[in-house]
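Comments concern the structure below.
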Amino acid sequence: MTIVLHTQQEIEMARAAGHAAAVLEMIAPYVRPGISTDEIDRICHDYLVNELKVIPANIGYHGYTKTVCTSVNHVVCHGIPSDKLLKAGDIVNIDVAIIKNGWYGDTSRMYFVGEPSIRARRLVDVTYDSMVAGIKTVRPGATLGDIGAAIQRVAEEAGFSVVREYCGHGVGREYHDEPQILHYGTPGTGIVLEPGMIFTIEPMINAGKPATSVLSDGWTVVTKDRSLSAQWEHTVAVTDTGYDLLTPWPDGVGNYAPL
């Protein structure tokens, strides 16, 4: 396994690609009952290409044809935009990745469509808190197991479960690189973090059991028990003293605690 340690200049290039987060602010007012996820995808595509002047990284990636992933309710990740309309009470993750000057930026966040159920809101909030807990463990000398354990503790103490089959990943000049960032683990185990590492932390948390399955389209991952699932994602760099958030959301995501 080769893990790239990036220079400060390279981290700045990755930070510029982290501007992908701007599309997540832009699209928020459009996420409402009656809009199709395909229309959301079109709006995101036009904004990335015409406003940000960047390349949508997902188009053509292993045959994927859309700009973003839209994962609704029991879809864990990789939901393909379609003509299906969002309805009041839905929760949806929008995941975007771009290429800017040869560097990849990758981030996602959750949205409520109208007013969610109490359990849905609780799941989304706890998933955010679990991501924050994982990010706040990032510093030189910490381990990947520390990140996973922090996420797992928050999720499981709330009565939810952590998806095992999908994880965060190194990112930079490559879309998916080493190391793999598991969202569960044992403190003090795994690879030791070093300054210059860049990776995503993107926990997928289920309201029910952790098991997942992939639909016949080869992309869409769902909970086996059809329970709700939520995910948030940021890209971070390891610094000499802690972490550097490379994908800050411009709007701060409302009442959620900033990083």
Side-chain angles (χ1 to χ4, degrees), residues 3-6 11 14-15 17-18 20-21 24 57 69 71 76-78 93-97 103-110 123-156 158 160-172 174-206 210 221 229-239 241-249 252-253 256-259:
I3 299 175
V4 179
L5 299 180
H6 300 85
I11 290 174
R15 189 192 314 279
L24 299 181
C69 295
S71 301
V76 175
C77 59
H78 305 160
N93 174 274
I94 299 178
D95 192 333
V96 62
W103 289 80
Y104 287 84
D106 190 8
T107 186
S108 81
R109 57 172 280 195
M110 294 298 297
L123 174 66
V124 170
D125 290 352
V126 167
T127 303
Y128 180 85
D129 290 343
S130 74
M131 178 191 67
V132 170
I135 290 173
K136 287 188 173 180
T137 67
V138 173
R139 64 185 184 281
T143 69
L144 294 185
D146 294 336
I147 297 174
I151 292 167
Q152 183 178 6
R153 181 175 62 254
V154 171
E156 293 183 351
F160 300 133
S161 63
V162 180
V163 170
R164 262 54 173 183
E165 295 93 338
Y166 302 90
C167 61
H169 53 87
V171 64
E174 299 290 335
Y175 190 174
H176 294 93
D177 207 349
E178 298 294 345
Q180 295 187 45
I181 311 299
L182 301 181
H183 301 120
Y184 61 95
T186 302
T189 64
I191 294 169
V192 176
L193 304 185
E194 299 180 59
M197 290 181 176
I198 301 176
F199 49 77
T200 68
I201 295 178
E202 48 182 300
M204 288 143 274
I205 308 299
N206 295 346
V221 180
S229 187
Q231 179 186 24
W232 298 80
E233 175 184 13
H234 268 309
T235 298
V236 300
V238 184
T239 68
T241 57
Y243 67 87
D244 189 355
L245 187 69
L246 302 184
T247 51
W249 297 307
V253 201
Y256 287 98
L259 275 163

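Along the sequence shown, residues carry numbers from 1.
- Every residue two or more places apart in sequence or in another chain that forms a side-chain contact (heavy atoms from CB on, under 4.5 Å) with Thr189 is listed here: Thr186.
- Between the CH2 atom of Trp232 and the CD1 atom of Ile205 there is a distance of 13.0 Å, given to the nearest 0.5 Å.
- Among residues two or more places apart in sequence or in another chain, the salt bridge (charged side-chain N to carboxylate O under 4.0 Å, His left out) test is passed with Asp95 by none.
- The two residues Met131 and Glu233 make their nearest non-hydrogen contact at SD-N, 3.7 Å.
- Looking at Tyr256 and Asp125, their side chains do bring a donor and an acceptor atom within 3.5 Å of each other.
- Minimum interatomic distance between Ser161 and Pro210 (heavy atoms only, all atoms of both residues): OG-N, 3.2 Å.
- By the 4.5 Å heavy-atom criterion applied to side chains, Val126 and Val154 are counted as neighbours.
- One N or O on the side chain of Thr200 and one on the backbone of His169 form a donor-acceptor pair closer than 3.5 Å.
- Within the 4.5 Å cutoff, side-chain heavy atoms of Met197 are placed close to those of Ile191.
- Applying the side chain to side chain donor-acceptor pair (under 3.5 Å) test to every pair with at least one member in residues 132-144, sequence neighbours left out, gives these pairs: Thr143-Asp146.
- Atom CZ of Phe160 sits about 5.0 Å away from atom CG of Leu123, to the nearest 0.5 Å.
- Here the straight-line distance linking atom CD1 of Ile11 with atom CG of Leu246 works out to 7.0 Å at 0.5 Å rounding.
- Take Trp249 and apply the side-chain hydrogen bond (donor to acceptor under 3.5 Å, both in side chains) test, not counting sequence neighbours, and it matches Thr107.
- Taking OH of Tyr128 as the reference point, atom CE of Met110 lies at 14.0 Å (rounded to 0.5 Å).
- Using modelled atom types, one side-chain atom of His183 and one backbone atom of Glu202 make a donor-acceptor pair closer than 3.5 Å.
- Cys167 and Gln180 get closest at one heavy-atom pair: SG-OE1, 3.5 Å.
- Here the OG1 atom belonging to Thr239 is positioned 13.0 Å from the CD atom belonging to Glu194, to the nearest 0.5 angstrom.
- Interatomic distance, CG of Asp177 versus CD1 of Ile3, reported as 9.0 Å (0.5 Å rounding).
- Counting non-hydrogen atoms of other residues, nucleotides and ligands closer than 6.0 Å to CD of Glu174 gives a total of 12 or fewer.
- Nearest heavy-atom pair, Ile201 versus Val236, reported as atom, atom and distance to 0.1 Å: CD1-CG2, 4.4 Å.
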Residue pair Ser108, Asn93: steps toward the side-chain hydrogen bond (donor to acceptor under 3.5 Å, both in side chains) verdict: CA-CA 7 Å; Ser108 81; Asn93 174 274; 3.1 Å; yes
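- Across every non-hydrogen atom of His234 and Pro248, the tightest pair is CE1-CA, 4.2 Å.
- By the side-chain contact (heavy atoms from CB on, under 4.5 Å) test, Ala57 pairs with Ala97, Ile99, Tyr104, Tyr175, sequence neighbours left out.
- Under the rule for a ring pair (Phe, Tyr, Trp, His ring centres under 6.0 Å), the partners of Tyr166 that lie at least two apart in sequence or sit in another chain are His78.
- In terms of heavy atoms, Ala150 sits closest to Ala133 at CB-O, 3.7 Å.
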